[in-house]
**Q** 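Mind having a look at this structure? Questions to follow.
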Protein chains: 2
Amino acid sequence: MPPDTKERILDSAELLFASEGVANTSLRVLTDHAGVNLASVNYHFQSKDALVQAVLYRRLNPINEKRIALLALAGVDLHKILDAFYRPAVDAVLDSAEQGRPIAALVGRIYSEPGELLSSQVRALMSDVFQRFFAAFQSALPNVPPDALFWRMHFCVGLMAHTFGALHLIEGMARGRVRIDDREEILRQMIAYAAGGLKADGGSQCASS
Amino acid sequence: MPPDTKERILDSAELLFASEGVANTSLRVLTDHAGVNLASVNYHFQSKDALVQAVLYRRLNPINEKRIALLALAGVDLHKILDAFYRPAVDAVLDSAEQGRPIAALVGRIYSEPGELLSSQVRALMSDVFQRFFAAFQSALPNVPPDALFWRMHFCVGLMAHTFGALHLIEGMARGRVRIDDREEILRQMIAYAAGGLKADGGSQCASS
DNA sequence: GTCTATAGGGTGATAGAC
DNA sequence: GTCTATCACCCTATAGAC
């Protein structure tokens, strides 16, 4: 009844890549942690690099598919569009934390890790998701110029990536002020802030000292 | 008049850590790039780890000191407070890019890199900066509850970190739509979005599907 | 499919001559 | 302060027995 070798490798890789980083995780430590033989990584996957891509594919593709499914139900309601974007990711991250295998840091780092971390398959779906949400935001916010909207969508991605990637840091600074395991609360905070940012006026000049 | 050995090591380390990542940069490649001897790293710094901290200290402390100086002039004007927070970082990142030694990715990753990347010295100043800006935002936004403000400040940090950490990715997706070398434009976009997010109403319930 | 053994090479750190 | 040489160890990937 324990999962098979291939899945155990994926599980351990996910955990260690998240906590130690990809480059700091050797295949020896990884296979020891998984309780499998060192050579099995190269048998089931071709290389460490391919393993990394398999780990990310398994996590990110379901998230992005759920985003597309939820977006189809959101209409032009800005909060629902944002919910469709954030909820699948927050669910995946907090579910994994509850199961003792936190992936927050891994998900938070996918945009900024050096090297070609993502397979073309994952990249293609992420690009598709970006295009769909861009169109949805345009419909919901017809007064925001496309160039400003492009920046703002990246800011929406960024606040989420940072929330996941620096979750331990945020938790440390909170000192009980906020709960990082309350997903509805986190979603409310992210959505409220992102909606305010997306709707903001002033993509031209103004401000600065 | 080339800079001395210690500085050349710092310069090369900064460049390679940014482009390849800390864990992927070996001291051999680093010292070859700097044109110095391998052993000089352990002479001038004690270890690779201490070198990492020295690299970050040199860049981050001036940024944080400028933030404090600008904040003192901002009063309770939200846009000026945000300008005080973002401008020193955007300046440092874009200056370095113009000089052919881009540090954006390095700065963008400091919050999410695994391991204890930052020295206690840098941590202390960053914590101080966070407290000061938190107080300033509270004065400028008396109606935002402290718990919501705590999240929102992290979102403000996150959109900046992601903008730097994923700058090459953003540039790739832009396809000429936006310019990533126009610092006043980037600052305008970041400040407008962050101001909208910070001011948003709805830290309680509402929204979601 | 799973194992052992090992090839072939890279790593951070240091001793000791200059 | 700077060099060479080297220690002691870790790494990914693979060949070949079972």
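Letters go in sequence order (proteins before strands), and every chain restarts at 1. Being a predicted model, the structure only gives us computed values, none of them experimental.
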**Q** Would you say Asn37(A) reaches dT4(C)'s phosphate, i.e. side-chain N/O to OP1/OP2 under 4.0 Å?
**A** yes
**Q** Judged by each residue's nearest nucleotide on DNA chain D, which is more toward the 5′ side, Arg28(B) or Thr5(B)?
**A**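 The residue closer to the strand's 5' end, by nearest nucleotide, is Thr5(B).
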**Q** Which whole-number value in Å describes the distance from Leu27(B) CG to dT6(D) C1'?
**A**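 These atoms are roughly 16 Å apart.
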**Q** Between Tyr86(A) (side chain) and Cys156(A) (backbone), is there a donor-acceptor pair under 3.5 Å?
**A**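 Yes: the side chain of Tyr86(A) pairs with the backbone of Cys156(A).
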**Q** How many Å lie between CG on Leu38(A) and P on dC10(D), as a whole number?
**A**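 So the two atoms are 14 Å apart, to the nearest Å.
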**Q** What is the distance from atom OG of Ser26(B) to atom NE2 of His33(B), rounded to the nearest 0.5 Å?
**A**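 The NE2 atom of His33(B) is 12.5 Å from OG of Ser26(B), to the nearest 0.5 Å.
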**Q** Is the phosphate of dT11(C) approached by Ser26(B) (side-chain N or O, under 4.0 Å from OP1 or OP2)?
**A** yes
**Q** Using atom CD1 of Ile9(A) as one end and atom C1' of dG1(C) as the other, report the distance to the nearest whole Å.
**A** 11 Å
**Q** Near DNA chain C, which residues from residues 40-49 of chain B have a heavy atom under 4.0 Å away?
**A**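 Contacting residues: Asn42(B), Ser47(B), Lys48(B).
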**Q** Applying side-chain contact (heavy atoms from CB on, under 4.5 Å), run through Val55(B) and Leu106(B) and close with a yes or a no.
**A** CA-CA 10 Å; Val55(B) 167; Leu106(B) 183 63; 4.0 Å; yes
**Q** Are Phe130(B) and His154(B) near enough that their ring centres are under 6.0 Å apart?
**A** yes
**Q** To the nearest Å, how far apart are Asn24(A) CG and dG12(C) C1'?
**A**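 After rounding, the reported distance stands at 14 Å.
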**Q** Any chance you could lay out the side-chain contact (heavy atoms from CB on, under 4.5 Å) test for Leu30(A) and Phe17(A), step after step, and finish with the verdict?
**A** CA-CA 9 Å; Leu30(A) 196 159; Phe17(A) 289 166; 4.1 Å; yes
**Q** Assign the ring pair Phe133(A) / Phe137(A) to parallel, tilted or perpendicular, where the plane angle (0 to 90°) is split at 30° and 60°.
**A**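 It falls in the tilted class, 30° to 60°.
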**Q** In whole angstroms, how far is the C1' atom of dC3(D) from the CG atom of Asp32(B)?
**A** 14 Å
